[in-house]
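Written out below as structure tokens is the structure these notes cover.
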Amino acid sequence: MALTVATMMEAANAAVPRISVTNAQAKIADGALLLDIRDAPELQMQGRAAGSHHIPRGMLEFRADPGTPFHDPELRFDRPVILHCASGGRAALAGKLLKDMGYQDVFNLGGLNDWKEGGGPASEPVDQGM
């Protein structure tokens with residue numbers, strides 16, 4: 001049977017627990033990585049969570065694999081990773097991917113607005129000068 005978005009989301013949500021902003025902030029204070037997987041234009045238009053690290057979803061596999069020349073040293077198997085995107089869907093799928101790659105402590109924060117509404121500090125969008 002072919003995969004569908006619905007079945008992939010169901011598997012991702014079952015594998016990657018959602019985390020509250022309060023719990024995320026506590027884990028970040030203990031060294032967890034807050035990872036923003038949105039595309040660069042989204043960061044420019046919507047701002048970003050303070051202290052977040054950015055890897056676009058399309059590059060995650062390459063950045064997460066220590067065996068590639070593109071590996072990002074911020075991603076370590078012994079470091080918890082808290083993902084967010086715009087609404088939580090891509091974060092769930094990316095979290096499942098990281099778990100499949102061997103990352104153990106992976107959490108889905110949801111979207112940037114969840115972070116902001118939960119009291120997380122964020123930068124303002126880039127002023128486009130218009």
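- Nearest heavy atom pair, residue Asp65 against residue His71, reads O-CB, 3.3 Å.
- The backbone N or O of Ala15 lies less than 3.5 Å from a partner atom in the side chain of Lys99, making a donor-acceptor pair.
- Under the rule for a side-chain contact (heavy atoms from CB on, under 4.5 Å), the partners of Pro17 that lie at least two apart in sequence or sit in another chain are Phe107.
- Follow the hydrophobic side-chain contacts under 4.5 Å out from Ile19 and you never reach Val81; the two are in separate clusters.
- Within a 6.0 Å radius of CZ in Phe77, more than 12 heavy atoms belonging to other residues, nucleotides or ligands are found.
- Note that the OH atom of Tyr103 and the CG atom of Leu33 stand 9.5 Å from one another [nearest 0.5 Å].
- By the rule that hydrophobic residues join a cluster once side-chain heavy atoms approach within less than 4.5 Å of another member, Val106 and Ile28 end up as members of separate clusters.
- Gly88 and Asn108 make their closest contact through O-ND2, 3.1 Å (heavy atoms, listed as atom of the first residue, atom of the second, distance).
- If you take CG on Asp72 and CD1 on Ile55, they are separated by 4.0 Å, rounding to the nearest 0.5 Å.
- Every side chain to side chain donor-acceptor pair (under 3.5 Å) that Asp100 has, sequence neighbours left out, goes to Lys96.
- Nearest heavy atom pair, residue Pro66 against residue Ala64, reads CD-O, 3.2 Å.
- Counting all heavy atoms, side chain and backbone alike, Asp114 lies closest to Gly111 at OD2-N, 2.7 Å.
- Summarising the geometry, atom CG belonging to Asn113 is positioned 7.5 Å from atom CD belonging to Gln46; distances are rounded to the nearest 0.5 Å.
- The main-chain N or O of Met59 is never found under 3.5 Å from a side-chain atom of Glu61 such that the two would form a donor-acceptor pair.
- Taking hydrophobic clusters as Ile, Leu, Val, Met, Phe, Trp and Tyr residues chained together by side-chain heavy-atom distances below 4.5 Å, Ile37 does not share a cluster with Leu43.
- With His84 contributing its side chain and Ala91 its backbone, the two residues share no donor-acceptor pair below 3.5 Å.
- Taken from CG in Leu34 to CD in Gln25, the straight-line distance is 9.5 Å, to the nearest 0.5 Å.
- A distance of 8.0 Å separates CG of Leu93 from CG of Asn13, quoted to the nearest 0.5 Å.
- By the criterion of side-chain heavy atoms lying less than 4.5 angstrom apart, applied directly or through intervening Ile, Leu, Val, Met, Phe, Trp or Tyr residues, Leu83 is grouped together with Met101 in one hydrophobic cluster.
- Summarising the geometry of Ala50 relative to Trp115, their closest heavy-atom pair is N-NE1, 4.1 Å, with the distance given to 0.1 Å.
- Taking hydrophobic clusters as Ile, Leu, Val, Met, Phe, Trp and Tyr residues chained together by side-chain heavy-atom distances below 4.5 Å, Leu75 shares a cluster with Val16.
- Taking all atoms of both residues into account, the shortest heavy-atom contact from Leu60 to Ala94 is CD2-CB, 3.5 Å.
- Side-chain N or O atoms of Arg57 include none that pairs as donor or acceptor with a backbone N or O of Asp39 at under 3.5 Å.
- Residue pairs meeting the salt bridge (charged side-chain N to carboxylate O under 4.0 Å, His left out) criterion with at least one partner in residues 73-92, sequence neighbours excluded, are Glu42-Arg90, Glu74-Arg79, Arg76-Asp78.
- If you take CG on Leu112 and SG on Cys85, they are separated by 10.0 Å, rounding to the nearest 0.5 Å.
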